[in-house]
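For reference, the structure is listed below as structure tokens.
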Amino acid sequence: MASSLLAKKPITLRLCGPRGFCAGVDRAIQIVVLALKEYGAPVYVRHEIVHNRYVVEGLEAKGAIFVEELDEIPAEHRKQPVVFSAHGVPKSVPADATSRNLFYLDATCPLVSKVHKQAMRHQKLGRHVVLIGHAGHPEVIGTMGQLPEGAVSLVETVEDADIYVPPDPDNLGFVTQTTLSVDDTAGVIKRLHERFPNLTAPAADSICYATTNRQEAVKQAAPGCDHFIIVGAPNSSNSKRLVEVALRAGAKKSVLVQRASEIDWDDFGDISTVGLSAGASAPEVIVNEIIEAFRELYDAAVELADTVEETENFLVNRELRHVPLTAQDMAFVNGD
Ligand code: SF4
């Protein structure tokens, strides 16, 4: 035993903090767990509540049923609640739920709702809205759907900003998706400002605290890393951005994995320092699974690379605030 331990190659795991679940994800998962306790199974959830299979499968095991559209909810279950995901929904979705006599609980992150309000404020003040974000992402679909068709233009890149033709160049306001790259977005905004000097910014940054903090922690930890593992799903915007940030900040390689079983160990031959972080929808239990996988193969030392402490906490919907959570529920909600 002792000799096999000695034979293991030493490796340092540089563990970023903050990482993993943000307050919006935590709240969304709580809403589904509390709804299951209050109303019993099934509880329907429109779209993945957060972009993570582990979380989705855990909620399915408790009695949640995930659907993409409201018409998938069978008539005999219309009295059961349907939860809208943390990414937010177009205004047409709650309107559709009401017309179908469905009882819905909105788990849209309050910071996404804030962006919706900022977009609506631009429009109220007569501005055409430029949304900086990724086409097809549910949050972008939700934000565009707060305003009438044609009131919002989507700009994804600096190249898009170069060729964008607005309806009135002097009457523009922008908002952004909450989970973008802080640096890339600054470049797009700069280009838009150069072309449209009267472009109005939102009252507060649209990129959320969790995205900003996770990117900053990875940026600080990446120099000197031979490899950087980000725990997250391929459809998780903020997780994908962390891979890009790690590479730009100096990590020689970076990869997105959903579970330890996805790690390609051939990539870890002659290396000594590996960065590790997790996107805002990735539970801590998988970070621990990856640390354990390293410990089985290496003499792994964990080095904490903490930047700021996060204290954000968002209240769940009023209808659910009286429902108690057990310690076991809390562990699930916290991703432990
Ligand atoms: S990443 Fe930001 S906007 Fe998205 S759920 Fe978390 S806190 Fe809210």
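Both ligands and their constituent atoms are indexed starting at 1 by order of listing.
Separating the NE2 atom in His227 from the CZ atom in Phe268 is a distance of 4.0 Å, to the nearest 0.5 Å.
Using modelled atom types, one side-chain atom of Gln215 and one backbone atom of Val182 make a donor-acceptor pair closer than 3.5 Å. Between the side chain of Gln80 and the main chain of Gly40, a donor-acceptor pair closer than 3.5 Å is present.
What sits closest to atom 7 (S) of ligand 1 on the protein, heavy atoms only, is Cys22 SG, 3.6 Å. Regarding atom 8 (Fe) of ligand 1, its nearest protein heavy-atom neighbour is Cys109 SG, 2.3 Å. Ranking protein heavy atoms by distance to atom 3 (S) of ligand 1, first place goes to Thr178 OG1, 3.3 Å.
Hydrophobic clustering, with ILVMFWY side chains joined whenever heavy atoms are under 4.5 angstrom apart, groups Val83 together with Val56.
Contacts between Cys208 and ligand 1 below 4.0 angstrom, taking non-hydrogen atoms only, involve the side chain exclusively.
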